[in-house]
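Bear in mind the structure is a predicted one, so any value in this text is a computation, not a measurement. Heads up: numbering here begins at 1 and tracks the sequence.
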Amino acid sequence: MSALPDNQGPAGFAELFLGVWLRSGTGEQTPATRTLKTMAPAVPPPVWGKSPVAVDELVAVRTVPAGNGSWTVTVAADMPDTVGEQGNEAAGLRYFTVPVTLTDQRGTKTDGWSFTAGAPSEVAGPTVAQLPDSTFTTSVTERSLADSVSGFLTAYLGTAGGAERYLAPGTVLPPLPPAIYLTVQTQQILADRPARDHKPSPDGARLQVRADVVATDAAGRRWPLTYALTLTARAGRWEIAALDSSLTAPKTAS
């Protein structure tokens, strides 16, 4: 079998199929039931009776090759209406495996790729893993460092503008849409090691910090956000060198 084109894959088909299958349980002939027969002719629809389920979101979380052009795809389904009487909110998050098979029908009347899904199976969801111990353990007390971090995040999140003035030379960050938040309050700044409280750091010194902020938008909604930043010292001030994607600081020279 030739390789599957890069813009196609079993995960998306499994998400689509499970959504159609969940919508087809009304007991009536609907677009969902007709689509189900097209996507998986041998798969029976569920029967919801007077209690149809609502699905807020479907996300494929794992795809495992099963050989011979087949995969087993695990799809998470956010179904808040199915929360049990115990009130366990996590019960509304359900997991299903969907077997998906691909057939290369190029050169036939169909002339293309053909996916087929088998009946879904409900399975247990993944366990919640603990995050590794954070390397950010030192509270930032140096005023210039705290001012640089707070000033940058306030500007970057749209309440003040001018985030560029906090960036180290050569650092470019894509801007956020303007004026997302009206206020930004810094709750805590932690560093991966102690900074110099009373002496200016030498030019080129690097430091990783994690900043916890609460940003408030125009509707009064409060958003708790966390940013990991790399800063460098230059001419007696700290400048933002990188907006990091991890909350675990890499090892750097001081």
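Between Phe96 and Arg94 the shortest heavy-atom distance is CE1-CB, 3.7 Å. When every heavy atom of Val73 is checked against every heavy atom of Pro10, the shortest pair comes out as CG2-O, 4.0 Å. Of all non-hydrogen atoms in Ala40 and Ala117, the two that sit nearest each other are CB-O, 3.2 Å. Residue Val43 comes nearest to Pro120 through the heavy atom pair CG1-CD, 4.3 Å, listed as atom of the first residue, atom of the second, then distance. Closest approach of Leu102 and Trp71 over heavy atoms only: CB-CZ3, 3.6 Å. Listed here is the closest heavy atom pair of Ala14 and Val100: CB-CG2, 4.0 Å.
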Taking it one step at a time, do Gln208 and Thr230 satisfy side chain to side chain donor-acceptor pair (under 3.5 Å)?
CA-CA 5 Å; Gln208 275 75 39; Thr230 297; 3.2 Å; yes
Going through the distances and angles, do Val75 and Val61 end up as a side-chain contact (heavy atoms from CB on, under 4.5 Å)?
CA-CA 6 Å; Val75 181; Val61 296; over 6 Å; no
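Within the 4.5 Å cutoff, no side-chain heavy atoms of Val214 are placed close to those of Trp223. Proximity of Leu225 to Leu157: side-chain heavy atoms (C-beta onward) are separated by under 4.5 Å at one or more points. Residues Val149 and Leu231 are in side-chain contact: their nearest non-hydrogen atoms beyond the backbone lie under 4.5 Å apart. Side-chain contact check for Leu243 versus Leu229: some heavy-atom pair is nearer than 4.5 Å. Using a 4.5 Å heavy-atom cutoff, the side chains of Leu173 and Phe152 are in contact. The shortest side-chain heavy-atom distance between Thr72 and Val98 does not fall under the 4.5 Å cut-off. Using a 4.5 Å heavy-atom cutoff, the side chains of Val209 and Leu190 are not in contact.
For the residue pair Thr101 / Ser70, a side-chain donor-acceptor distance below 3.5 Å is found, with atom types taken as modelled.
A donor-acceptor pair under 3.5 Å is absent between the side-chain atoms of Arg237 and the main chain of Arg234, judged by distance alone. A donor-acceptor pair is defined here as one N or O able to donate and one able to accept, closer than 3.5 Å; no such pair exists between the side chain of Glu239 and the backbone of Tyr166. Panel note: side chain Thr154, backbone Gly151; no donor-acceptor pair is recorded below 3.5 Å. Judged purely by atom type and a 3.5 angstrom limit, Thr33 has no side-chain atom pairing as donor or acceptor with the backbone of Gln29. Asp203 places a side-chain N or O within donor-acceptor distance of the main-chain N or O of Ala235, the cut-off being under 3.5 Å. Side-chain atoms of Ser148 come within 3.5 Å of backbone atoms of Trp238 as a donor-acceptor pair (strictly under, hydrogens ignored).
A distance of 9.5 Å separates CG in Asp147 from CD in Glu142, rounded to the nearest 0.5 Å. With rounding to the nearest 0.5 Å, the separation of CD in Gln187 from CD in Gln185 is 6.0 Å. How far CZ of Phe136 is from CD of Gln188: 11.5 Å, rounded to the nearest 0.5 Å. Thr138 contributes atom OG1, which lies 11.5 Å from atom CZ of Arg210 (distance to the nearest 0.5 angstrom). Between Thr35 atom OG1 and Lys37 atom NZ the span is 11.0 Å, to the nearest 0.5 Å.
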If you look only at distance, which donor and acceptor atoms sit under 3.5 Å apart when one is on a side chain in residues 17-26 and the other is two or more places apart or in another chain?
{"unit_1": "Trp21", "atom_1": "NE1", "unit_2": "Pro44", "atom_2": "O", "d": "3.0"}
{"unit_1": "Arg23", "atom_1": "NH1", "unit_2": "Gly19", "atom_2": "O", "d": "3.4"}
{"unit_1": "Ser24", "atom_1": "OG", "unit_2": "Trp21", "atom_2": "O", "d": "2.7"}
{"unit_1": "Thr26", "atom_1": "OG1", "unit_2": "Glu28", "atom_2": "N", "d": "3.4"}

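Around CZ of Arg34, the count of heavy atoms belonging to other residues, nucleotides or ligands within 6.0 Å exceeds 12.
Both Trp48 and Leu36 belong to a single network of hydrophobic side chains, linked directly or stepwise wherever heavy atoms of I, L, V, M, F, W or Y lie under 4.5 Å apart.
Each of Ile189, Asp212, Leu153, Ile240 was scored for a side chain to side chain contact (heavy atoms under 4.5 Å, CB included) with Tyr227, with one residue passing: Leu153.
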